[in-house]
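A quick write-up on the structure given underneath.
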Amino acid sequence: VDSLDTYALTVKDDVLTVEGTSAVALCKGFYDFVLENGYGIASWTGDRLEFPGELDDMDRKSVTTPFCDRLYYNVCTYGYTTPFWGWEEWEKEIDWIALHGFNMPLAPIAGEAILARVWSKLGLSQEEIDAYFTGPAHFPWMRMGNMTAIDGGMSQEWHANQIALQHKILDKMHALGMEPVAPAFAGFVPPAFMAKHPEIKANQLTWGGFDLSCNACVLAPDSPYFQEIGKLFIQE
């Protein structure tokens, strides 16, 4: 996204006209009109939309955002709030995102499924891969290198469902002109990979007082494996 979004509102003869430079701008313009006139609200706990019988005429009003990129989500949301969401929740959430004018939401769903493919190509067994992953509620902390293994062991069905869900999420975000932020390889590697490659230059991380068996290792950025694994991740 390299330009500032603008929307314009006009009411004439009981007809609301919304113009915008993007689908998100159109959604934001409509929702601002709803909020400013007390016609309703879209929230996580319920929605209300009640238009009056007639709309008062309104001269053209134009609003331009000062920000090209409007990032949405904290990475920890994917542990605190969304780890077990399905498409029904995500479909509503993406509508909420558009109505509030965000155009760059984080989209890390199924990153673990992609990592599993990468580790398999690099010679790890399914058992070693399963032992590395945390449970879904801990994914943000695994993604940040804080922990591994805790409450893990997702099935292949889980990974397949997450990939299918991510495709739906990305398709709808792209249809609205959003630029979702997908994950990449951050440098964290399973203990089993380290055991197979004792020559690797890496650092053992510690966090939260957990046993080392539940902490990640991180590759040095200049390690040739960093580029190799990063490229494999993007390809997958």
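The basis for the numbers below is simple: all heavy atoms, side chains too, and nothing from hydrogens, waters or symmetry mates. Everything numeric in this text was worked out from a predicted model, so none of it was measured.
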Result block: side-chain N/O donor-acceptor pairs under 3.5 angstrom for residues 186-199, not counting sequence neighbours:
from, atom 1, to, atom 2, distance (Å)
His197, ND1, Glu199, OE2, 3.3
His197, ND1, Tyr225, OH, 2.9
Glu199, OE2, Tyr225, OH, 3.1

**Asked** Side-chain donor-acceptor pair under 3.5 Å between Asp5 and Ser22, yes or no?
**Response** yes
- Can you tell if the side chain of Trp90 reaches within under 4.5 Å of the side chain of Ile109, non-hydrogen atoms only? yes
Heavy atoms of Ala107 and Gln166 approach each other most closely as O-NE2, 2.8 Å
*asked:* Can you see whether Tyr80 engages Asn74 through a side-chain donor-acceptor pair at a distance of less than 3.5 angstrom?
replied: no
Note: Ala216 and Gln204 closest approach over all heavy atoms is O-NE2, 3.2 Å
Hydrophobic cluster identity match, Tyr132 and Phe226, side-chain contacts under 4.5 Å: yes
* Indicate if Leu26 and Leu176 have the same hydrophobic cluster label, given that clusters are the connected sets of ILVMFWY residues with side-chain heavy-atom separations under 4.5 angstrom. => no
Review point. Does Glu88 CD have over 12 foreign heavy atoms under 6.0 Å away?
Key: no
Original post:
CD of Gln235: more than 12 outside heavy atoms within 6.0 angstrom?
Top reply: yes
For Lys12, the salt bridge (charged side-chain N to carboxylate O under 4.0 Å, His left out) test, sequence neighbours excluded, returns none
Take Tyr78 and Tyr73 through the test ring-ring contact (aromatic ring centres under 6.0 Å, His included) and record every step on the way to the result. CA-CA 9 Å; Tyr78 291 87; Tyr73 285 124; 5.2 Å; yes
Practice item. Would you mind reporting whether Asn215 and Thr148 have side-chain heavy atoms less than 4.5 Å apart? Key: no
One should read off an interatomic distance between Asn37 CG and Leu9 CG, to the nearest 0.5 angstrom, of 9.5 Å
Run the salt bridge (Lys or Arg N to Asp or Glu O under 4.0 Å) check on Lys172 and Asp95 step by step: do they pass? CA-CA 9 Å; Lys172 177 156 186 174; Asp95 288 340; 2.7 Å; yes
Ring-plane angle category for Phe30 and Phe51, please: parallel below 30°, perpendicular beyond 60°, tilted otherwise. tilted
SG (Cys214) and CG (Leu205) are apart, to the nearest 0.5 Å, by 13.5 Å
**Item:** Side chain proximity check, Phe33 to Val11, heavy atoms < 4.5 angstrom
**Value:** yes
In this structure, are over 12 heavy atoms from other groups packed under 6.0 Å from Phe67 atom CZ?
no
| Distance-only, no hydrogens or angles: does the Tyr31 side chain make a donor-acceptor pair with backbone N or O of Ile41 under 3.5 Å? | no
On a heavy-atom basis, the closest approach of Thr6 and Ser62 is CG2-OG, 3.5 Å
Heavy-atom nearest pair, Cys27 first then Ala98, reads CB-O, 3.5 Å
| query | Transitively linked via ILVMFWY side-chain contacts under 4.5 Å: Leu212 with Trp141? | reply | no
| field | Within 6.0 Å of CG in Asp222, more than 12 heavy atoms from elsewhere | value | yes
His174 (side chain) donor-acceptor with Leu170 (main chain) under 3.5 angstrom
yes
Is there a continuous path of hydrophobic side-chain contacts, each under 4.5 Å between heavy atoms, that joins Leu219 to Trp207? no
(Q) I'd like to know if the side chain of Glu128 reaches the main chain of Ser125, judged simply by a donor and an acceptor atom lying under 3.5 Å from each other, with no hydrogens or angles considered. (A) yes
Heavy-atom nearest pair, His100 first then Ala42, reads CE1-O, 4.0 Å
Heavy-atom closest pair (Met58 atom, Thr10 atom, distance to 0.1 Å) is O-CG2, 3.6 Å
> Would you call Arg60 and Glu19 a salt bridge, taking side-chain N to carboxylate O under 4.0 Å as the test?
Replying inline: yes
Any side-chain heavy-atom pair of Gln126 and Gln156 under 4.5 Å: yes
With distance as the sole test, does Ser155 use its side chain to make a donor-acceptor pair with the main-chain N or O of Trp158 at under 3.5 Å? yes
Compute whether any side-chain donor of one residue and acceptor of the other, for Glu93 and Trp44, lie under 3.5 angstrom apart.
yes
Practice item. For this output row, return yes or no: ring centroids of Tyr72 and Phe102 closer than 6.0 angstrom. Key: yes
From the list Arg143, Gln162, His159, side chain to side chain donor-acceptor pair (under 3.5 Å) with Glu112 holds only for Arg143
Check whether any side-chain heavy atom of Phe139 lies under 4.5 Å from a side-chain heavy atom of Pro108, and answer yes or no. no
Inset, instruction - Answer with yes or no whether the hydrophobic clustering places Leu122 together with Ile114; edges join I, L, V, M, F, W, Y residues whose side-chain heavy atoms lie under 4.5 Å apart. - result: yes
I'd like to check Leu71 versus Leu106 (side-chain heavy atoms, cut-off strictly below 4.5 Å). Are they in contact?
yes
Would you check if Asn103 and Glu179 make a side-chain contact, meaning some heavy-atom pair closer than 4.5 Å? no
Handout entry: Derivation and outcome, side chain to side chain contact (heavy atoms under 4.5 Å, CB included), residues Met173 and Ile94
Key = CA-CA 7 Å; Met173 287 179 175; Ile94 297 169; 4.2 Å; yes
Interatomic distance, CZ@Arg117 vs CD1@Ile129, rounded to 0.5 Å, equals 12.0 Å
Interatomic distance, CD@Glu236 vs CD1@Ile229, rounded to 0.5 Å, equals 13.0 Å
Is it the case that the side chain of Arg70 and the backbone of Cys68 share a donor-acceptor pair, with hydrogens and angles ignored and the cut-off at 3.5 Å? yes
Value for NZ (Lys28) from CG (Leu99), rounded to nearest 0.5 Å, stands at 9.0 Å
Between the CG atom in Asp14 and the CG atom in Asp57, the distance rounded to the nearest 0.5 Å is 8.5 Å
- Message: Are the side chains of Leu55 and Tyr39 in contact, using a 4.5 Å heavy-atom criterion?
- Response: yes
